[in-house]
Amino acid sequence: MKYVSYLLNNFKNIPQINKIDKQLVEDIEIVGSVLPFKTNNYVVDNLIDWNNIPDDPMFKLTFPQRDMLLPHHYEQMKSVVFNGADKQKIKQTANDIRLQLNPHPAGQLEYNVPMIEGEKLYGMQHKYRETVLFFPSQGQTCHAYCTFCFRWPQFVGMEDLKFASKEAELLVKYVKDHEEVTDVLFTGGDPLIMKTKHLEAYIRPLLDAKIEHLRNIRIGSKALAYWPYRFLTDDDADDLLRLFEDVHKAGKHLAYMAHFNHPAELDGYAVEKAIKRILDTGAVIRTQSPVLKHINNSPEIWADMLRKQVKLGCVPYYMFVARNTGAQHYFSIPLVEAWKIFRETYQSVSGICRTLRGPSMSCLPGKVQILGVAEVKGEKVMVFRMIQGRNPDWAARPFFAKYDDKAIWYTDLKPAFGEEKFFFTDELNEILNPQQVEYDLE
Ligand SMILES: *Cc1c(COP(=O)(O)O)cnc(C)c1O
Ligand code: SF4
């Protein structure tokens with residue numbers, strides 16, 4: 001299968017696009033000038049149900065929608081896109097809007113950059129003790145873009161916000177020097193957008209270095225959903241699977257972190273076959289997704305998705321909460337609502353599917369999971385715990401917030417029982433800001 005990429009400048013060549021409402025096409029042009037837009041022939045021909053436009057979840061997941069911009073931003077953008085403004089003006093307007101969409105949530109740029117010999121390693125993040133995130137420089141795009149993606153600034157050319165690394169050597173050195181690191185997680189964009197020979201140039205040195213404490217090589221990718229031919233018919237598909245096999249042979253666990261947002265992405269011969277080929281290398285596929293309004297905000301959809309995943313041999317891993325960036329207002333649901341979806345999903349599937357954890361917010365202090373709503377001595381509270389903490393000691397500690405059925409992110413939460421702060425607040429301030437200067441927490 002030949003990969004055909006569709007962007008803002010050629011999406012009108014998609015035959016199915018000519019049949020949809022003209023207003024939707026205009027919306028794609030306007031919103032797609034601000035938020036990233038890219039899709040491909042597999043997504044268009046196999047995942048989207050074109051008889052169900054505009055409601056189709058895969059359409060909303062991959063094509064920009066009017067309401068993804070706030071009304072005044074939409075009007076502002078419309079006025080330049082359709083009034084003959086020059087490219088420079090369009091770009092400037094788009095950037096003005098982008099900067100209002102919280103382009104770097106959770107302090108990714110400032111706080112998690114590791115150092116080696118006094119130099120900052122901008123292609124890496126080291127937030128949780130065991131796991132180093134690595135962003136290969138050639139892996140900073142994807143086979144198609146998700147409209148909810150928190151990495152959107154990387155895709156729209158806000159260059160100064162982009163972080164990527166060429167430094168395979170420094171990665172090996174860093175991991176060697178840090179015995180607490182058991183996992184290296186390759187992420188992006190999508191690292192599997194890279195040719196195998198490039199990915200290999202990062203992974204083989206890690207294997208060759210024979211680092212005892214390095215146990216897991218993880219690859220976070222949406223390729224199974226958006227381009228399963230990466231594992232089937234692409235020129236270097238077989239080389240990729242051989243690389244996975246070699247990771248296994250070297251005694252390391254290849255953990256494929258698959259992003260699936262909707263059960264439709266698990267249908268069809270190509271994805272089934274691709275999953276099988278990956279599993280045959282000895283790798284394990286774990287799955288994750290945020291819970292998203294318009295896409296998958298129902299327990300039926302989640303239960304269907306988990307069952308399909310398990311049937312195909314994948315292990316459900318994380319349910320996330322939509323991050324506070326980009327089109328969050330479009331996708332987000334209250335935390336209480338996310339928990340209800342999690343709970344009803346959990347109740348309706350067997351234990352094999354209940355390896356799913358969440359709903360979890362990846363935020364400044366850590367990965368914060370909502371455990372539910374409870375009443376303690378007459379006060380209605382929300383119960384949380386940290387799955388990961390910036391301080392490892394915070395993990396698995398429960399804490400309580402005032403009940404708030406509108407809260408969509410941890411910054412909306414107030415401590416319960418009349419307390420002034422959460423157990424981690426002071427320490428988090430100290431970790432982030434050793435000089436003790438007050439500032440706004442994300
Ligand atoms: C989620 C995440 C990880 C991996 O966490 P696990 O719970 O081990 O899957 C690592 N680093 C960052 C910054 C993360 O957000
Ligand atoms: S595939 Fe992953 S990184 Fe790429 S747009 Fe989707 S969520 Fe973002």
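Both counts, for ligands and for their atoms, begin at 1 and track the order of listing. Below, each value reflects all heavy atoms present in this structure, side chains not excepted, and no hydrogens, waters or symmetry copies.
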Enquirer: Are Leu133 and ligand 1 in contact, using a heavy-atom cut-off of under 4.0 Å?
Expert: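 The answer is yes, since Leu133 has a heavy atom less than 4.0 Å from ligand 1.
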Enquirer: Check whether any N, O or S atom of His259 sits under 2.8 Å from atom 8 (Fe) of ligand 2.
Expert: no
Enquirer: Heavy-atom pairs closer than 4.0 Å: do any link ligand 2 to the side chain of Trp152, the backbone, both, or neither?
Expert: neither
Enquirer: Which of the listed options, Tyr317, Tyr128, Tyr318, holds the heavy atom that is closest to atom 7 (O) of ligand 1?
Expert: Tyr318
Enquirer: His73 versus Val34: any side-chain heavy-atom pair under 4.5 Å?
Expert: no
Enquirer: Please could you name the atoms of ligand 2 that Cys142 approaches to less than 4.0 Å, counting only its heavy atoms?
Expert: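 Matching atoms, with element in brackets: 1 (S), 3 (S), 4 (Fe), 5 (S).
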Enquirer: Within 45° of the axis and under 6.0 Å from the centre of the six-membered ring of Phe231, does NZ or CZ of Arg277 qualify?
Expert: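 The answer is no; the distance or angle limit is not met.
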Enquirer: Who's closest to atom 2 (C) of ligand 1 heavy-atom-wise, of Arg218, Lys367, Lys127, Glu130?
Expert: Lys367
Enquirer: Can Ser221 and Arg230 be counted as having a side-chain donor-acceptor contact under 3.5 angstrom?
Expert: no
Enquirer: Within a distance under 4.0 Å of any heavy atom of Gln125, pick out the atoms of ligand 1 and give their elements.
Expert: 13 (C)
Enquirer: Quick one: are Tyr226 and Asp190 in side-chain contact, heavy atoms under 4.5 Å?
Expert: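 They are not in contact (no side-chain heavy atoms under 4.5 Å apart), so the answer is no.
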Enquirer: Going by heavy atoms, is Met257 under 4.0 Å from ligand 1?
Expert: no
Enquirer: Just to check, does Gly189 reach to within less than 4.0 Å of ligand 2 when the distance is taken from its heavy atoms?
Expert: yes
Enquirer: Verify the distance criterion only: is there a donor paired with an acceptor across the side chains of Lys2 and Asn41 at less than 3.5 Å?
Expert: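 No, no side-chain donor-acceptor pair sits under 3.5 Å.
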Enquirer: Which of the atoms of ligand 1 are close to Gln388, meaning less than 4.0 Å from one of its heavy atoms?
Expert: 5 (O), 6 (P), 7 (O), 8 (O)
Enquirer: Does Phe384 have its ring centroid less than 6.0 Å away from the ring centroid of Phe422?
Expert: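 Here the rings of Phe422 and Phe384 have centres that are no less than 6.0 Å from each other.
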Enquirer: Contact between Phe155 and ligand 2, counting heavy atoms under 4.0 Å?
Expert: yes
Enquirer: Centroid separation under 6.0 Å, is that true for the rings of Tyr42 and His143?
Expert: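 Judged by ring-centre distance (under 6.0 Å), His143 and Tyr42 do not meet the cut-off.
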Enquirer: At a threshold of 2.8 Å, where the distance has to be below it, does atom 6 (Fe) of ligand 2 have an N, O or S atom of Cys146 nearby?
Expert: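 Looking at Cys146, which is the residue asked about, there is an N, O or S atom under 2.8 Å from atom 6 (Fe) of ligand 2.
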Enquirer: For atom 1 (S) of ligand 2, what is the nearest protein heavy atom, given as residue, atom name and distance?
Expert: Lys222 CB, 3.3 Å
Enquirer: Among all protein heavy atoms, pick the one closest to atom 8 (Fe) of ligand 2 and tell me residue, atom and distance.
Expert: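 It is Cys149 SG, 2.2 Å.
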Enquirer: Is the positively charged end of Arg390 above the ring of Tyr128, judged by distance under 6.0 angstrom from the centroid and angle within 45° of the axis?
Expert: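 Because its charged atom misses either the 6.0 Å distance or the 45° angle limit, Arg390 does not stack over Tyr128.
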Enquirer: Does the pair Asp426/Lys421 count as a salt bridge with the N-to-O cut at 4.0 Å?
Expert: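 Yes, charged N to carboxylate O under 4.0 Å.
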